[in-house]
Amino acid sequence: MYNTLTRQKEPFVPLVPGEVRMYTCGPTVYHYIHIGNARAAVVFDVVRRYLAYRGFRVTYVQNFTDVDDKLINAAREMGLTVPEVAERFIAAYREDVRALGVREPDVAPRVTEHIPEIIAFIQGLIDKGLAYEADGDVYFRTARFPAYGKLSHQPLDELMAGARVEVSEKKENPLDFALWKKAKAPDEIAWDSPWGRGRPGWHIECSAMSRRYLGDSFDIHAGGQDLIFPHHENEIAQSEGLTGKPMARYWLHNGFVNIKGEKMSKSLGNVLLVRELRRQHDPMALRFFLLSVHYRNPINFSEELLAQAEAGLARLRTAVENLRFALGGAREGAVEPEVAEAVSTLRARFVAEMDDDFNTANAITVLFDAAREANQYVRRDAMVRGSVQAFLDLFAELAEEVLGLTLAPQAEASGEDDSFVAEVERLIAERQEARKRKDWATADAIRDRLNQMGVIVEDTPHGVRWRRK
RNA sequence: GGAGGCAUAGCCAAGUGGUAAGGCAAGGGACUGCAAAUCCCUGAUCCCCAGUUCGAAUCUGGGUGCCUCCUCCA
């Protein structure tokens with residue numbers, strides 16, 4: 001995996017054999033998430049799934065930032081309290097990412113539930129001379145942490161020279177950053193601390209919570225590229241400053257989502273919310289789209305590109321449908337040796353691609369090859385159940401379990417749906433009668449009618465089948 | 001000013017020294033009563049220039065264009 005810290009690909013060696021402890025920076029819950037947030041969630045969900053697939057016992061932690069300036073402002077605008085805003089958007093986040101097939105983390109800690117740990121962390125830094133209190137605020141003393149800049153690969157003086165940081169008179173040094181922020185108003189959300197009422201700075205939460213759940217040192221720390229500096233740099237300063245141990249061994253960062261070649265930003269007014277996209281598009285197509293490009297490369301979004309992704313996903317789904325349909329026409333029997341061989345080659349190729357810095361773009365190519373081979377198999381006259389099943393199992397394993405792409409038809413089910421199905425099947429039976437009579441006009445009329453109902457009828461050598469558009 | 005990335009077919013995208021994967025779109029063929037689905041076939045002087053090399057999309061130098069970070073931000 002490519003490690004931002006060393007700027008190269010490195011073999012993955014966990015701290016504890018067989019185990020992976022991984023932390024991903026989660027959302028600040030003051031608004032609905034956009035497609036860029038979704039990319040990080042999806043990409044690192046796949047990293048987590050893949051490591052589990054490769055046999056590691058993975059502990060996956062992703063935080064919620066549920067108190068900060070943005071939440072305070074949002075609460076003010078919405079006429080709600082900060083916890084109310086947080087509650088609303090945590091729920092919304094969960095809905096959005098669940099639709100995208102993202103699994104719940106093992107732990108989803110919230111800042112507001114870890115204030116004591118955070119205060120203790122800050123106190124520890126003060127005790128070591130790595131932080132100082134200034135009029136109710138507490139700042140990290142970057143000058144006392146020589147390794148500062150090692151993640152972003154920026155020399156200290158360059159950082160200083162380029163600093164557009166707001167110069168606060170309270171800071172000893174422009175690069176110092178807040179660990180604790182004094183409450184500005186009496187009604188502002190705040191906690192008591194040794195330095196007066198206030199709240200945690202943004203960076204300290206990840207240091208405190210990752211330490212709480214994963215220990216002083218853990219394996220993987222992930223997030224968006226924009227977090228490299230200053231967020232992750234500051235986390236390293238805090239955590240390594242306190243413990244004297246490396247915080248995380250591997251730092252993974254995903255690239256941005258651009259909209260029609262431009263950065264997504266509020267000022268450009270081109271922010272695409274997952275919530276909105278979900279209304280118009282299959283969320284699985286969105287996931288497929290996000291995985292169709294290597295995670296470190298920028299990915300461009302447009303309706304056309306999403307449509308392409310939708311078509312590509314449909315190809316994989318059709319292959320699975322073809323296999324499921326074939327199951328009915330296959331004779332009993334165990335998987336044939338040549339199919340077993342083909343499947344195992346495909347699996348090996350998939351694994352090799354994923355082993356190479358989670359190359360999902362190439363892994364998907366392997367799935368397309370699997371689809372072709374499966375389709376070739378399924379159009380034979382003599383199919384064996386075991387072989388068909390072997391292909392189905394391959395898709396379940398690689399596409400669904402590892403990449404989280406749901407290919408199987410959705411479990412349907414309302415009573416209303418039953419009557420719809422009955423009607424479709426009645427019409428199909430009627431059409432079959434007409435076809436037997438070679439009454440093509442009637443048969444085609446029925447097919448048109450089914451088409452109007454959103455149903456596509458297919459006459460195959462193994463019988464008629466239908467699917468929804 | 002500092003740090004880094006990208007430029008591959010109409011669209012998207014892998015590939016980091018040995019005759020350019022894959023998908024979408026398009027065209028042709030097979031199959032079909034006709035379709036649908038599927039299968040087969042068809043497409044690239046890899047941004048430009050110079051260099052290293054037996055050999056470069058891949059390495060080096062120069063150029064052009066686009067992007068990101070250094071500020072809240074996935």
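Remember, it's a predicted structure, so these values are computed and weren't measured experimentally.
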Identify every side-chain donor-acceptor pair in residues 220-228 of chain A under 3.5 Å, counting partners at least two apart or on other chains, and give the distances.
| from | atom 1 | to | atom 2 | distance (Å) |
| --- | --- | --- | --- | --- |
| A:H221 | NE2 | A:H232 | NE2 | 3.4 |
| A:H221 | NE2 | A:E235 | OE1 | 3.3 |

Let me know the distance between [atom1] of [X] and [atom2] of [N], rounded to the nearest Å.
| X | N | atom1 | atom2 | value |
| --- | --- | --- | --- | --- |
| A:L290 | B:rC12 | CG | P | 17 Å |
| A:L151 | B:rA3 | CG | P | 17 Å |
| A:N258 | B:rC12 | CG | C1' | 14 Å |
| A:L175 | B:rC70 | CG | P | 13 Å |
| A:F229 | B:rU68 | CZ | C1' | 15 Å |
| A:M264 | B:rC69 | CE | P | 12 Å |
| A:D96 | B:rA74 | CG | P | 14 Å |
| A:N254 | B:rA74 | CG | C1' | 6 Å |

Using purine N1 to pyrimidine N3 plus N6-O4 or O6-N4 for Watson-Crick, or N1-O2 and O6-N3 for G-U wobble, both under 3.5 Å, which nucleotide pairs with [N]?
| N | value |
| --- | --- |
| B:rU32 | none |
| B:rG1 | B:rC70 |
| B:rG43 | none |
| B:rA25 | none |
| B:rA7 | B:rU64 |
| B:rC59 | B:rG51 |

Residues forming a side-chain contact (heavy atoms from CB on, under 4.5 Å) with [X], sequence neighbours excluded:
| X | value |
| --- | --- |
| A:A361 | A:N359 |
| A:D69 | A:K181, A:K184, A:R199 |
| A:A147 | A:F145, A:K150 |

Legend entry - A:Y32-A:F89 aromatic ring centre distance below 6.0 Å: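 Here the rings of A:F89 and A:Y32 have centres that are less than 6.0 Å from each other.
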May I ask you to say whether [X] pairs ionically with [Y], meaning some side-chain N is under 4.0 Å from a carboxylate O?
| X | Y | answer |
| --- | --- | --- |
| A:D176 | A:K170 | no |
| A:R426 | A:E423 | yes |
| A:R279 | A:E276 | yes |
| A:K171 | A:D137 | no |

Ignoring hydrogens and angles, state whether a donor on the side chain of [X] or [Y] is under 3.5 Å from an acceptor on the partner side chain.
| X | Y | value |
| --- | --- | --- |
| A:H114 | A:Y213 | yes |
| A:N234 | A:Q238 | no |
| A:R49 | A:Y53 | no |
| A:H203 | A:E233 | no |
| A:Q432 | A:R435 | yes |

With sugar-phosphate meaning primed atoms plus P, OP1 and OP2, does [X] contact a base, only sugar-phosphate, or nothing at under 4.0 Å between heavy atoms?
| X | value |
| --- | --- |
| A:V43 | nothing |
| A:L227 | sugar-phosphate |
| A:G36 | base |
| A:F256 | base |

Could you list all N or O pairs between the protein and nucleotides 19-21 of chain B that sit under 3.5 Å apart?
| from | atom 1 | to | atom 2 | distance (Å) |
| --- | --- | --- | --- | --- |
| B:rA21 | N1 | A:T365 | OG1 | 3.4 |

Inset, instruction - Identify which one of A:D439, A:D448, A:D459, A:D444 satisfies the salt bridge (Lys or Arg N to Asp or Glu O under 4.0 Å) criterion when paired with A:R431. - result: A:D459
Every protein N/O within reach of nucleotides 56-60 of chain B N/O, cut-off under 3.5 Å:
none

Inset, instruction - Give the nucleotide from the list B:rG33, B:rC12, B:rC67 with an atom nearest to the side chain of A:Q308. - result: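 My answer, after comparing the listed nucleotides, is B:rC12.
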Legend entry - Minimum-distance nucleotide to A:L305 side chain [options: B:rC11, B:rA74, B:rA3]: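 Among B:rC11, B:rA74, B:rA3, the one nearest the side chain of A:L305 is B:rC11.
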Inset, instruction - Examine the base of B:rA74 for any acceptor or donor lying under 3.5 Å from a partner atom in the side chain of A:H253, and report the outcome as yes or no. - result: no
Legend entry - Near-strand residues of residues 293-304 of chain A, defined as heavy-atom separation under 4.0 angstrom from RNA chain B: A:V293, A:H294, A:N297, A:E304
Inset, instruction - Can you sort out which residues in residues 61-78 of chain A have a heavy atom within less than 4.0 Å of RNA chain B? Ascending by number, please. - result: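 Heavy-atom contacts with RNA chain B come from A:K70.
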For [N] and [M], measure between their [atom1] atoms and round to the nearest Å.
| N | M | atom1 | value |
| --- | --- | --- | --- |
| B:rA20 | B:rG2 | P | 39 Å |
| B:rU19 | B:rG5 | C1' | 30 Å |
| B:rU64 | B:rC24 | P | 39 Å |

Inset, instruction - Let me have a per-nucleotide readout for nucleotides 34-44 of chain B, 5' to 3', with B, S or -, counting only protein heavy atoms under 4.0 Å. - result: BBBSBSS----
Legend entry - salt bridge (charged side-chain N to carboxylate O under 4.0 Å, His left out) contacts touching residues 30-43 of chain A (sequence neighbours left out):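 Pairs touching residues 30-43 of chain A that pass the test: none.
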Using atom types as modelled, flag every donor-acceptor pair under 3.5 Å from a side chain in residues 100-112 of chain A to any protein atom, sequence neighbours excluded.
| from | atom 1 | to | atom 2 | distance (Å) |
| --- | --- | --- | --- | --- |
| A:E104 | OE2 | A:R94 | NE | 3.4 |
| A:D106 | OD2 | A:Y60 | N | 2.7 |
| A:R110 | NH1 | A:E87 | OE1 | 3.2 |
| A:T112 | OG1 | A:D66 | OD2 | 2.6 |

Inset, instruction - Just jot down the side chain to side chain donor-acceptor pair (under 3.5 Å) partners of A:T4, sequence neighbours excluded, or say none. - result: A:H253
